[in-house]
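To start, the structure itself, in C-alpha cells.
Just so you know, these numbers use all the heavy atoms, side chains as well, and skip hydrogens, waters and symmetry mates. A note on names: the letters A, B, ... follow the listed sequences, proteins ahead of strands, and every chain is numbered from 1.
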2 protein chains.
Amino acid sequence: MARTLADRQDVIPVLAEVFRDHGFEGASLSAITARTGLGKGSLYNFFPGGKAEMAEVVLAHIDGWFRAHVFEPLERTGDGLKAVEAMFQATDAYFRSGQRVCVVGVFALGDARDLFTEQVHGYFAAWVRALAGALVRAGRDPDQAQTQAEEVVAGIQGALVLSRALNDTGVFTRTLARLRRTLADD
Amino acid sequence: MARTLADRQDVIPVLAEVFRDHGFEGASLSAITARTGLGKGSLYNFFPGGKAEMAEVVLAHIDGWFRAHVFEPLERTGDGLKAVEAMFQATDAYFRSGQRVCVVGVFALGDARDLFTEQVHGYFAAWVRALAGALVRAGRDPDQAQTQAEEVVAGIQGALVLSRALNDTGVFTRTLARLRRTLADD
DNA sequence: TACGTTGTGGACCGATTGGTACAATGAAGC
DNA sequence: GCTTCATTGTACCAATCGGTCCACAACGTA
C-alpha cells in the first residue's frame, strides 16, 4: 500500500489541534490517526512515550511559540507599552480572534492538569511574569503591574471560555479591546 | 451483601463533583460508582438515559442553583448594585473562593460543548443578561451594562482557569475584588 | 542487484469504556 | 408470614482505549 512519509516536526501542529479540539482524554489515538493520517507505528516511532509524550511535545511547542512571540518580546522590548501592544496582536492572531481555545487552559481544567502540572503552571506563570515586567517598564508600580498582568491573562482565558460557550468570537474581540484600554489608562 | 438505599436527588450533587473534577469524558462510570457508592443498576435506574442524562441532570441542577441564587436575584432585586454585590457573594461561595471550577466552563472547552450546546450557551447567556439588567437598574446605559456584564462573567471564568493552573486561589479572590471595584465605579 | 536498515500501517493485546440483563435482597402491602 | 414489586449490585456484552508487535515496503549502500 502507499505509505505516508512524514516528519515529526510537521506532525506536532496537527497534534496540537487535536488536543485543542478534544482535550487530553478526548483526543484518542484513533482521532489522532484520523487527523494526522499516521498509523500507530509512525506515531510510536516519533513519540515512543505514547500519548503522554505527544501531549508534552504539544505543550512544549505551544510554550515555545508563546516564548518567542509573547513572553520574550514582553521581556526584551524597551518600550513597555509597545511590548504590551505586540502581545495583544500576537495573542489575537494565535487564538484567531477567539476561534481557537487555549490548549493549556483546556488542560488546566481537566485531569490533564495533574499529568502536566509543571507545564500548565509554567506557561501561565511565565505569561503573567513577563507581562508584569513590561508594565513595570511602562511605569506602573510592581504591585499594580502584577495585578494588571493577572487581570489580562485571566481575562483572555475567560474570554476564550465565554466565546466558545456563547459561540460568539465577538466576546474575545471586545475583551481584548477592553483589556487594551485597561492597560493604556494610568 | 449490605445495600445502599439511595435517593436520586442526593446523588446529583455528588455526580456534579465528579463531572467538575474530571470533565465529561474523564468522568467514567467507574469513577462515578467509586464516588457515589452506587452500582450500575442504581445509576441506570435513576438515569435510564445513561451518562449523557447524568450530565444533563447535573447541568440542570447547576443552572437551577444559579437561577435561584444568582440570575433571579439579579433580575428581581430593585437596587441593582445590591443585586450585583449579592451575586459576587453567591458566586464566591459557590466556587469556594476558586477551589472548585465551573462544570459548565469545563464542558464549554471540551467535546461536551457539542453534546450540551444549549445548556452551556443558556447558562452563560442567562448570567450575562441578568447581570446586564441589574447594571441598567443601577444606572448604566445598556451598552455599558452589557460590556461590563460580559467582562465580569468572562473575568470569573478566567480567574477559575488561572487559579487552577497556578494552583493559587488568591487569583480568584483578587479577581472578584477587582471586578467589584470595576462595577462600583461609574 | 542484493542485502540490510528504517519507517510504516494495522492486527492484536489486555484494560476499560458505557450500557444491558438479571438474580438477589429489601420493603411494602395484604 | 407470604407474595409482589422495586431497587440494588455485578456479571457480561461489544466497542474502544492506549500500547505492542511484526510483516512489508522503501530506501540506501556496497
Could you check whether [X] pairs with [Y] (Lys NZ or Arg NE/NH1/NH2 to Asp/Glu carboxylate O, under 4.0 Å)?
| X | Y | result |
| --- | --- | --- |
| A/Arg129 | A/Glu72 | no |
| A/Glu85 | A/Arg181 | no |
| B/Arg174 | B/Asp168 | yes |
| A/Glu17 | A/Arg35 | no |

Round to a whole Å and report the spacing from [atom1] of [X] to [atom2] of [N].
| X | N | atom1 | atom2 | answer |
| --- | --- | --- | --- | --- |
| B/Leu29 | C/dT17 | CG | P | 8 Å |
| A/Phe46 | C/dG7 | CZ | P | 8 Å |
| A/Met54 | D/dG18 | CE | P | 9 Å |
| A/Arg8 | C/dT6 | CZ | C1' | 17 Å |
| B/His22 | C/dT16 | NE2 | P | 15 Å |
| B/Ile32 | C/dG19 | CD1 | P | 9 Å |
| B/Lys51 | C/dT17 | NZ | C1' | 8 Å |
| A/Glu53 | D/dG19 | CD | C1' | 13 Å |

Return the 5'-most residue of the pair A/Pro48, A/Ala31 with respect to DNA chain D, ranking by each residue's nearest nucleotide.
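Taking each residue's closest nucleotide, the earlier one in sequence belongs to A/Ala31.
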
Assign each of A/Glu25 and A/Gly41 to its nearest nucleotide of DNA chain D by heavy atoms, then name whichever residue's nucleotide is nearer the 5' end.
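Result of the comparison: A/Glu25.
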
From C/dT20, C/dT8, D/dT7, nucleotide with atom closest to A/Asn45 side chain:
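Looking only at heavy atoms from C-beta outward on A/Asn45, the closest nucleotide is C/dT8.
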
Does D/dG9 have OP1 or OP2 sitting under 4.0 Å from an N or O in the side chain of B/Ser42?
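Yes, such a contact exists.
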
OP1 or OP2 of D/dC17 versus the side-chain N and O atoms of A/Ser28: is any pair under 4.0 Å?
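Yes, such a contact exists.
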
Could you tell me whether [X] contacts a base, only the sugar-phosphate backbone, or nothing, with contacts defined as non-hydrogen atoms closer than 4.0 Å?
| X | result |
| --- | --- |
| A/Ser30 | sugar-phosphate |
| A/Ala27 | sugar-phosphate |
| B/Phe47 | nothing |

Taking the six-membered ring of A/Tyr44, is the NZ or CZ of A/Lys51 close enough (under 6.0 Å from the centre) and on axis enough (within 45°)?
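Ring-cation test returns no.
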
Is there a donor and acceptor pair, one atom on the side chain of A/Lys40 and one on the base of C/dG9, closer than 3.5 Å?
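Side chain to base: no pair below 3.5 Å.
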
